[in-house]
Protein chains: 2
Amino acid sequence: MRTDDQRAAALGQVLELALLVNDDMTRSLGRDGLTPSRAHLLWELRGRGPSTQSVLAAALGVSPRNITGLVDGLVATGFVTREPHPTDRRATLVSFTDRGARTAAEFERGQLEFASVLFDGMPDRRFDGLVQGLADVLDRLRAAMATAEARS
Amino acid sequence: MRTDDQRAAALGQVLELALLVNDDMTRSLGRDGLTPSRAHLLWELRGRGPSTQSVLAAALGVSPRNITGLVDGLVATGFVTREPHPTDRRATLVSFTDRGARTAAEFERGQLEFASVLFDGMPDRRFDGLVQGLADVLDRLRAAMATAEARS
DNA sequence: TATTGTTATACTCTATAACTATA
DNA sequence: TATAGTTATAGAGTATAACAATA
């Protein structure tokens, strides 16, 4: 049987992992002149192609006002442009600049490198145990957050 | 041999875990009227007892100016007080109010509950595999961030 | 001269509410 | 009447730099 101590230690691992992953990501993005929120917008844009701000607001789960600010920042730093929407004169289309498209494409390369750091040379058995354990924990966490969401 | 796809999927799990843990924590703290940064300050205070702001700045790894703001917020919301330092008239001691001490003590209870959500009913073999995998990944991540730190 | 914490200034992320232009 | 995006306002976290009081 597992002791409370063992569970607390495992939780500590999970919390530290979340912290370190966050820090690593923030630093890496900072080297590209990006913040996590702006990078998230680029990521969504990469998956959707040119998008209106209201679509981006829904995708990121933030207010329209906030999207105005994020796009302002990304325009000022040369990652995206605002173009008139071809048929709806109320809307604007946010599109990549060359630099923005290049940067977003490199997110994938960055992820491969990060996967190397985390998993290269790890024995298969341990890797498999990790993957199964994470799948289980993620299921529990998703379920817990869904019920918390529903209750609110 | 592991494929790139398997590694990418495992990385996706790690990133999602970091995201969900962060969100869950932020929501839970919000219910107590706290932000992550303010909660972090309370956590350090709990481990150290009454502390000067400069000690807290070093503990949180943020600027002294930032600590002024965090303590301002925690004083305004009734979690801590500023007291004169008994021997150094430049410094102030940040101490818990009753409410702050109670809240910080409940962080531990909250962690036990969170551990329950993540691990209750998980087969021992899977739990052990998860713990070993996390230990390995954490070692790699700490090492990578330490060398990145040293290089900068 | 060095340290502690403040004020001054600035940038980012976030929100709600009011408003304009357009559908 | 509803939608898209803006301005207005506000709060929180973060930083550097200048400064006052004290060591």
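Chain identifiers are assigned alphabetically (A, B, ...) following the order of the sequence lines, protein sequences preceding nucleic acid strands; residue numbering begins at 1 within each chain. FYI, side chains are in, hydrogens and waters are out, and symmetry mates aren't considered; it's all heavy atoms of this structure. Since the model is a prediction, treat every value here as computed from it, not as a measurement.
Between the CG atom of B:L41 and the C1' atom of D:dA12 there is a distance of 14 Å, given to the nearest Å. One can place CG of A:L56 at 12 Å from P of D:dA4, the figure rounded to the nearest angstrom. Look at CG on A:L74: it is 10 Å from P on C:dT12, rounded to the nearest Å. Atom CD1 of A:I67 and atom P of C:dA15 are 9 Å apart (whole Å). Separating the NE2 atom of A:H85 from the C1' atom of C:dA21 is a distance of 15 Å, rounded to the nearest angstrom.
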Along nucleotides 13-23 of chain D, 5' to 3', which nucleotides get a B, which get an S, and which get a -, given that the test is a protein heavy-atom distance under 4.0 Å?
SBBB----BBS
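With sequence neighbours left out, the salt bridge (Lys or Arg N to Asp or Glu O under 4.0 Å) criterion links A:R46 to A:E108. Shown here are the salt bridge (Lys or Arg N to Asp or Glu O under 4.0 Å) partners of B:R31, two or more places apart in sequence or in another chain: there are none. When the salt bridge (Lys or Arg N to Asp or Glu O under 4.0 Å) test is applied to A:D139, the partners found at least two apart in sequence or on another chain are A:R142. Evaluation of the salt bridge (Lys or Arg N to Asp or Glu O under 4.0 Å) rule for A:D32 yields no partner, not counting sequence neighbours.
Base engagement by A:T68 is indicated by at least one non-hydrogen atom pair under 4.0 Å involving a base atom.
Under the 6.0 Å distance and 45° angle rule, B:R99 counts as a cation-pi partner of B:F79.
At C:dT4, one or more side-chain N or O atoms of B:S54 fall inside 4.0 Å of OP1 or OP2 (strictly under the cut-off). Side-chain nitrogen and oxygen atoms of A:T92 include at least one within less than 4.0 Å of the OP1 or OP2 phosphate oxygen of D:dG5. Of the side-chain N and O atoms in A:Q53, none sit less than 4.0 angstrom from OP1 or OP2 of D:dT3.
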Please list every donor-acceptor pair under 3.5 Å in which a side-chain atom of residues 17-26 of chain A meets a protein atom from a residue at least two apart or in another chain.
from  : atom 1 : to    : atom 2 : distance (Å)
A:T26 : OG1    : A:N22 : O      : 2.9

